[in-house]
Amino acid sequence: MSWKSRGSEASFSRNVVSKRWTLFLCLASFCAGLLFTNRQFLPSMWTVPEAKDIRVTTVEEKLKLVSEGCDHQARQEKGDPKDILGEVSKTHHAIQTLDKTISNLEMELAAARAAHESILNGSPISENPKVAQTSGKRQYLMVVGINTAFSSRKRRDSVRATWMPQGEKRKKLEEEKGIIMRFVIGHSATPGGILDKAIEAEDSKHGDFLRLDHVEGYLELSAKTKTYFATAVARWDADFYIKVDDDVHVNIATLGTTLATHRSKPRVYIGCMKSGPVLAQKGVRYHEPEYWKFGEEGNKYFRHATGQLYALSKDLATYISINQHVLHKYANEDVSLGSWFIGLDVEHIDDRRLCCGTPPDCEWKAQAGNICVASFDWRCSGICNSADRMKDVHQRCGEGESTMWSAVF
């Protein structure tokens with residue numbers, strides 16, 4: 001072998017050794033660096049956790065956890081029944097309030113349109129140009145219109161002596177309780193005559209009349225009713241407008257609390273609902289000349305409140321005021337009123353406390369804690385001989401004066 005070949009082999013051996021040593025030195029240096037730069041690396045890497053730190057979850061425990069989670073979620077979703085009923089009640093009340101607000105706005109809009117059209121056409125829809133203009137007025141709970149006649153002076157005095165406060169007490173009732181009370185009457189066929197002068201003298205003494213632009217007459221009660229609601233709505237802004245006859249006993253505080261429960265409802269018509277026969281025979285009391293409009297003989301009227309006492313919410317009273325010139329009048333006032341609401345979305349509320357009998361009926365109910373709103377005799381369509389008996393009915397069935405001033409509506 002030549003020197004050249006041997007030299008090549010020796011050079012190759014040195015290169016191989018050098019590469020091997022280089023790799024070994026690199027690995028050694030790397031391990032040494034790890035050892036000195038992070039002494040916790042190796043112990044933590046090889047440390048085995050103690051058995052007490054390890055918890056094995058069995059299948060039964062997993063199922064229990066899942067079950068408890070479902071029960072908790074179900075309880076959250078189900079909630080307390082009392083809370084749910086409370087929320088439902090609040091929602092229902094809010095809907096009723098909104099519905100009533102919308103109804104009032106619709107009535108005000110209709111009134112504005114009607115007034116505008118009357119100005120353009122030159123034919124006013126109301127005798128009172130201020131009708132339905134109630135903005136800015138004080139809000140009252142109710143206006144109680146006591147229907148009376150020229151010949152009913154003794155009846156009026158019996159009412160003043162019992163359930164209708166007088167003088168400063170009546171003013172206090174208006175200011176503190178928001179209750180307006182007036183005797184309602186028009187004028188005679190001869191304006192300025194002796195009958196009108198007698199009412200003017202009585203009014204100057206008591207100051208408790210609401211005079212209407214209406215000619216008095218028994219056959220004109222339907223027209224008087226329309227005029228009353230139109231006049232009352234124009235003069236006072238109230239939640240309810242009531243019509244009651246002057247031979248009926250009324251517990252005013254009980255009436256107020258009864259109506260207050262319907263305050264949030266729109267378009268309510270409250271009274272003792274009835275459906276009497278349509279009388280076609282001439283000469284009988286309550287004869288209906290237009291009996292043929294109600295079908296065959298022997299038919300009954302539609303449901304309507306008896307005329308002794310009934311109440312209307314503000315939107316219905318405003319409706320009558322706006323449309324009074326096109327509302328048809330039947331012979332009987334209570335039938336006429338009920339007919340005006342046919343076809344309207346009106347809630348008829350039948351409350352029998354508004355038509356109790358005179359003692360002992362109203363007396364027994366008062367003793368049982370169920371005080372009547374109104375009392376009268378059905379056979380007389382009012383309290384028989386009311387001028388003499390009103391005081392006795394009041395003593396036996398009245399709610400007491402203190403009830404009025406302590407009532408909260």
Which atom of [X] lies closest to which atom of [Y], heavy atoms considered:
| X | Y | result |
| --- | --- | --- |
| L173 | P165 | CD2-CG, 4.0 Å |
| V233 | A317 | CG2-CB, 3.5 Å |
| W340 | I320 | CE3-CD1, 3.9 Å |
| G207 | R182 | O-NE, 4.4 Å |
| G145 | V184 | CA-CG2, 3.6 Å |
| V143 | A238 | CG2-CB, 3.8 Å |

Heavy atoms, side chains only, cut-off 4.5 Å: are [X] and [Y] in contact?
| X | Y | answer |
| --- | --- | --- |
| H206 | F183 | no |
| I383 | D377 | yes |
| V268 | E347 | yes |
| I146 | R155 | no |
| E288 | N332 | yes |
| K265 | S313 | no |
| I179 | F409 | yes |
| E200 | R211 | yes |

Inter-residue atom distance [X].[atom1] - [Y].[atom2], 0.5 Å rounding:
| X | Y | atom1 | atom2 | value |
| --- | --- | --- | --- | --- |
| H187 | L212 | NE2 | CG | 9.0 Å |
| T358 | M390 | OG1 | CE | 10.5 Å |
| L259 | L312 | CG | CG | 10.5 Å |
| Q166 | R160 | CD | CZ | 6.0 Å |
| E220 | K226 | CD | NZ | 10.0 Å |
| I349 | T258 | CD1 | OG1 | 10.5 Å |

May I ask you to decide if the ring planes of [X] and [Y] are parallel, tilted or perpendicular, using 30° and 60° as cut-offs?
| X | Y | result |
| --- | --- | --- |
| Y269 | Y310 | perpendicular |
| F294 | Y301 | perpendicular |
| Y319 | F341 | tilted |

Residue pair D237, Q139: steps toward the side chain to side chain contact (heavy atoms under 4.5 Å, CB included) verdict: CA-CA 5 Å; D237 183 11; Q139 183 76 29; 3.0 Å; yes
Tell me, yes or no, whether the heavy-atom count around [X] atom [atom1], taken from other residues, nucleotides or ligands under 6.0 Å, exceeds 12.
| X | atom1 | result |
| --- | --- | --- |
| W292 | CH2 | no |
| Y291 | OH | no |
| K171 | NZ | no |
| K329 | NZ | no |
| Q367 | CD | yes |
| K365 | NZ | yes |
| I342 | CD1 | yes |

Y286 vs S381, test: side chain to side chain donor-acceptor pair (under 3.5 Å). Steps then yes/no. CA-CA 12 Å; Y286 306 127; S381 297; 2.9 Å; yes
Steps toward side chain to side chain contact (heavy atoms under 4.5 Å, CB included) verdict (S158, K391): CA-CA 7 Å; S158 69; K391 185 176 181 180; over 6 Å; no
For the pair [X] and [Y], find out whether any cationic side-chain nitrogen is under 4.0 Å from an anionic carboxylate oxygen.
| X | Y | value |
| --- | --- | --- |
| K243 | D334 | no |
| D388 | K154 | no |
| R156 | D208 | no |
| R138 | E174 | no |

Give a yes-or-no answer on whether the side chains of E290 and H328 include a donor-acceptor pair shorter than 3.5 Å.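 Note: E290 and H328 side chains meet the donor-acceptor criterion.
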Residue pair D247 / Q308, side-chain donor-acceptor N/O under 3.5 Å: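 There is no such pair (donor and acceptor under 3.5 Å, judged by atom type) between the side chains of D247 and Q308.
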Could you tell me whether the side chain of [X] and the main chain of [Y] form a donor-acceptor pair under 3.5 Å?
| X | Y | answer |
| --- | --- | --- |
| R267 | D345 | yes |
| K274 | T306 | no |
| D350 | M273 | yes |
| E399 | A253 | yes |
| H287 | Q281 | yes |
| R235 | A230 | no |
| Y140 | W236 | no |
| S222 | Y330 | yes |

Decide yes or no on side chain to side chain contact (heavy atoms under 4.5 Å, CB included) for L141 and R263, but give the supporting numbers first. CA-CA 9 Å; L141 171 64; R263 215 170 193 170; 3.5 Å; yes
When you measure from the centre of the six-membered ring of W405, is the NZ or CZ of K172 closer than 6.0 Å and no more than 45° off the axis? yes
Qualifying residue, where the test is side-chain contact (heavy atoms from CB on, under 4.5 Å) with S188 and the options are I199, I194, L195, V215: L195
Report yes if the SG atoms of C372 and C362 are separated by under 2.5 Å, and no otherwise. no
Side chain to side chain contact (heavy atoms under 4.5 Å, CB included) assessment of I185 paired with E216: CA-CA 7 Å; I185 196 168; E216 285 291 323; 3.6 Å; yes
